[in-house]
There are 2 protein chains.
Amino acid sequence: MNPKFYSLPTEKQSAILNAGFHVFSQNTYKKSPMSEIADAAGISKALLFHYFRNKKELYLFLWDTCCRITVEEMTRSGAYEQRDLFTCMDSGMQAKLRLMRQYPDLGAFAVRAFYEKDPEVSAEIRESMGQYLDAHAAKKLQKLDPEDFIPGIDLQMMYREMYWASEGCLWEYIQRGCMDVNAMEEDFRRLLAHWKKTYLRKEREEASL
Amino acid sequence: MNPKFYSLPTEKQSAILNAGFHVFSQNTYKKSPMSEIADAAGISKALLFHYFRNKKELYLFLWDTCCRITVEEMTRSGAYEQRDLFTCMDSGMQAKLRLMRQYPDLGAFAVRAFYEKDPEVSAEIRESMGQYLDAHAAKKLQKLDPEDFIPGIDLQMMYREMYWASEGCLWEYIQRGCMDVNAMEEDFRRLLAHWKKTYLRKEREEASL
DNA sequence: ATAGGGTTGACCGATACGGTTAACGGAGGC
DNA sequence: GCCTCCGTTAACCGTATCGGTCAACCCTAT
């Protein structure tokens with residue numbers, strides 16, 4: 001990959017990244033043409049090939065960038081350090097929304113890339129990351145104090161269920177095509193409030209009065 | 001569409017349907033080649049064109065079939081009639097799982113088709129269905145008795161959250177590529193039990209003792 | 001004016017596409 | 001044995017698209 005890419009004005013860099021995320025998220029690796037990416041980025045195909053030697057290089061660069069900025073944003077938000085589960089989720093949500101605002105198709109791209117089966121790239125993808133999130137989730141789960149939550153609750157199930165609901169909500173937006181991040185934030189916020197009221201012992205007791 | 005298609009042995013019919021669902025669910029309409037579908041179905045491209053005049057006809061037939069058998073299966077399961085919310089969800093789940101077993105890519109296809117933007121087919125798709133599920137959900141919601149649930153709960157939020165979690169769980173399986181329906185059933189069942197224990201007043205009171 | 005680098009339209013060979021056609025092959029009737 | 005029918009296919013057609021290249025075009029700074 002040509003280092004001159006980095007000396008491009010940041011808007012143009014973003015435009016190229018977003019174009020790549022978008023096109024590769026809509027189709028298989030093999031069925032995602034470079035010309036379409038170039039068009040979406042507002043540059044010529046030749047210039048795209050000037051910055052990235054070939055399709056594979058662009059794809060792996062996108063994957064790399066996707067992982068990098070996600071972790072960066074998550075770290076920066078402090079989501080990894082928060083003690084309380086719900087403030088942790090709130091920070092994570094903030095980070096995700098900021099990412100979504102800047103790179104609307106990053107989420108969809110990440111999922112597709114993760115499950116991409118084309119032998120030209122699948123090995124590299126699968127190798128580079130792996131059980132990142134799972135490991136984090138397990139650690140987070142261990143730190144929870146059952147006393148904070150309503151009695152008899154299965155904390156692991158609660159965690160999985162909340163994760164799935166977030167993903168389901170996210171997917172609804174992704175599939176719809178238009179990423180209305182503000183509406184999304186509203187939805188997430190309501191979800192979080194709902195869970196707090198449902199799962200936290202203190203809030204539940206107050207609501208029961 | 002050639003009526004002789006229906007006199008094919010049912011396994012061959014299913015093979016063609018599944019092949020179509022699979023290929024069209026992985027890529028845009030335009031980037032989904034007929035040859036690939038024929039290969040996946042184990043027949044020649046020429047034969048596929050013998051049963052369906054052209055690509056558009058096959059695609060719309062698949063969409064139609066997808067809607068038809070989903071509604072059929074849902075009705076047959078009695079999901080639309082159940083009074084209690086959770087037994088209703090259980091029936092719906094059973095129906096969905098039966099569908100998934102027979103047509104592993106039906107779910108993914110449905111979502112993609114619903115949001116397909118290609119002008120050659122988008123109009124027909126959007127027109128044929130619409131707010132089907134939403135209307136149903138609203139009706140279901142009105143029938144709920146707040147007394148059955150934990151006090152202070154936002155029933156609409158609860159409903160949305162449960163819907164998203166199911167979708168999120170489903171998507172995790174879809175994206176993973178391999179549809180292990182048994183594992184899925186296990187997960188759904190646990191989700192349901194979790195919700196009953198969390199949201200139902202009676203079960204909650206028992207758990208609190 | 002000229003040298004240099006960012007940028008592109010035009011091009012290349014290969015292949016993939018939607019759709020057609022002529023022919024194959026086997027089952028049934030005579 | 002011969003013919004007919006019909007499900008099925010390999011081979012083909014014209015076109016479009018693909019990944020990738022290249023010579024030439026700006027534009028700016030000397």
Side-chain angles (χ1 to χ4, degrees), chain A residues 1-17 19-20 22-63 113 116-122 124, chain B residues 1-17 19-20 22-63 113 116-122 124:
Chain A
M1 173 267 196
N2 192 331
K4 284 172 192 168
F5 174 78
Y6 288 119
S7 39
L8 248 47
T10 46
E11 323 119 37
K12 198 142 251 181
Q13 284 188 44
S14 294
I16 294 176
L17 291 177
H22 181 71
V23 174
F24 280 124
S25 73
Q26 294 292 331
N27 294 98
T28 318
Y29 169 75
K30 207 177 56 173
K31 302 268 178 64
S32 297
M34 291 290 270
S35 55
E36 209 167 298
I37 297 174
D39 282 355
I43 61 172
S44 70
K45 192 177 61 162
L47 187 54
L48 190 58
F49 273 102
H50 175 64
Y51 290 122
F52 303 93
R53 219 172 325 162
N54 51 40
K55 189 166 154 180
K56 181 176 176 179
E57 191 177 278
L58 169 59
Y59 188 79
L60 292 178
F61 173 79
L62 284 173
W63 169 251
E116 174 65 57
K117 293 185 199 77
D118 195 304
E120 198 174 337
V121 292
S122 65
E124 274 99 333
Chain B
M1 172 267 195
N2 192 331
K4 283 173 193 168
F5 174 77
Y6 287 120
S7 38
L8 246 50
T10 46
E11 323 119 37
K12 198 143 251 179
Q13 284 188 44
S14 293
I16 295 176
L17 291 178
H22 181 70
V23 174
F24 280 124
S25 74
Q26 295 293 329
N27 294 98
T28 319
Y29 169 76
K30 207 177 56 174
K31 300 269 178 62
S32 298
M34 291 291 269
S35 55
E36 210 168 297
I37 297 174
D39 282 355
I43 60 173
S44 70
K45 191 177 61 162
L47 187 55
L48 190 58
F49 272 103
H50 175 65
Y51 289 122
F52 303 93
R53 220 172 323 162
N54 50 41
K55 188 167 152 178
K56 182 177 175 180
E57 191 177 277
L58 169 60
Y59 187 78
L60 292 178
F61 173 79
L62 285 173
W63 169 251
E116 174 65 58
K117 294 186 199 75
D118 194 303
E120 199 175 335
V121 291
S122 66
E124 274 99 333

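What you are looking at is a predicted structure, and each value in this text was computed from that prediction instead of being measured. Every chain is numbered from 1, with letters handed out A, B, ... down the list of sequences.
- With DNA chain D read from its 5' end, the first of the two nearest nucleotides for A:Ala46 and A:Glu36 is the one closest to A:Glu36.
- Among the heavy atoms of the strands lying under 4.0 Å from A:Lys31 are primed sugar atoms or P, OP1, OP2 only; no base atom is included.
- Considering only side-chain N and O atoms, B:Ser35 lies under 4.0 angstrom from the phosphate OP1 or OP2 of C:dC17.
- Across the protein-nucleic acid pair, B:Ile43 atom CD1 and D:dT9 atom C1' stand 11 Å apart, rounded to whole Å.
- With A:Phe24 as the aromatic partner, A:Lys55 does not meet the cation-pi criteria of under 6.0 angstrom to the ring centre and within 45 degrees of the ring axis.
- For the residue pair B:Ser32 and B:Asn27, no side-chain donor N or O sits within less than 3.5 Å of a side-chain acceptor on the partner.
- When distances are taken from the side chain of A:Tyr51 to each of C:dT7, C:dT20, D:dG19, the shortest belongs to C:dT7.
- Taking atom CG of residue B:Leu48 and atom P of nucleotide D:dA10, one finds them 14 Å apart after rounding to whole Å.
- A donor and an acceptor atom never sit less than 3.5 Å apart when one is taken from the side chain of B:Lys55 and the other from the base of C:dG19.
- A distance of 6.5 Å separates CG in A:Leu47 from CD1 in A:Ile16, rounded to the nearest 0.5 Å.
- Checking side-chain atoms of B:Tyr29 against main-chain N and O of B:Lys56 turns up a donor-acceptor pair under 3.5 Å.
- In this structure, NE2 of B:His50 is placed 15 Å from C1' of C:dA23, rounded to the nearest angstrom.
- The listed nucleotides are D:dC18, D:dA10, C:dG18; the one nearest the side chain of B:Phe49 is C:dG18.
- When distances are taken from the side chain of A:Ser44 to each of C:dT8, C:dC11, C:dG18, the shortest belongs to C:dT8.
- Both B:Lys30 and A:Lys12 lie close to DNA chain C; mapped to their nearest nucleotides by heavy-atom distance, the more 5′-ward contact belongs to A:Lys12.
- No side-chain donor-acceptor contact under 3.5 Å links B:Asn2 to the backbone of B:Phe5.
- Among the protein residues, B:Phe52 comes within range of no part of the nucleic acid, since none of its heavy atoms lies under 4.0 Å from any strand.
- One cannot find a donor-acceptor pair under 3.5 Å joining the base of D:dG7 and the side-chain atoms of B:Lys4.
- We find that NZ of B:Lys56 is positioned 18 Å from C1' of C:dC17, with the value rounded to whole Å.
- Rounded to whole Å, the distance from CG on A:Asn54 to P on D:dC18 is 17 Å.
- In this structure, A:Met34 places its CE atom 24 Å from P of D:dA16, rounding to the nearest Å.
- Protein atom NZ of A:Lys45 is 6 Å distant from nucleotide atom C1' of D:dG19, rounded to whole Å.
- If you take CG of B:Leu47 and P of C:dT20, they are 15 Å apart, rounded to a whole angstrom.
- The side chain of A:Pro33 has D:dC18 as its nearest neighbour among D:dC18, D:dG7, C:dG18.
- Residue contacts shown for A:Ser7 are absent, as no nucleic acid heavy atom lies under 4.0 Å away.
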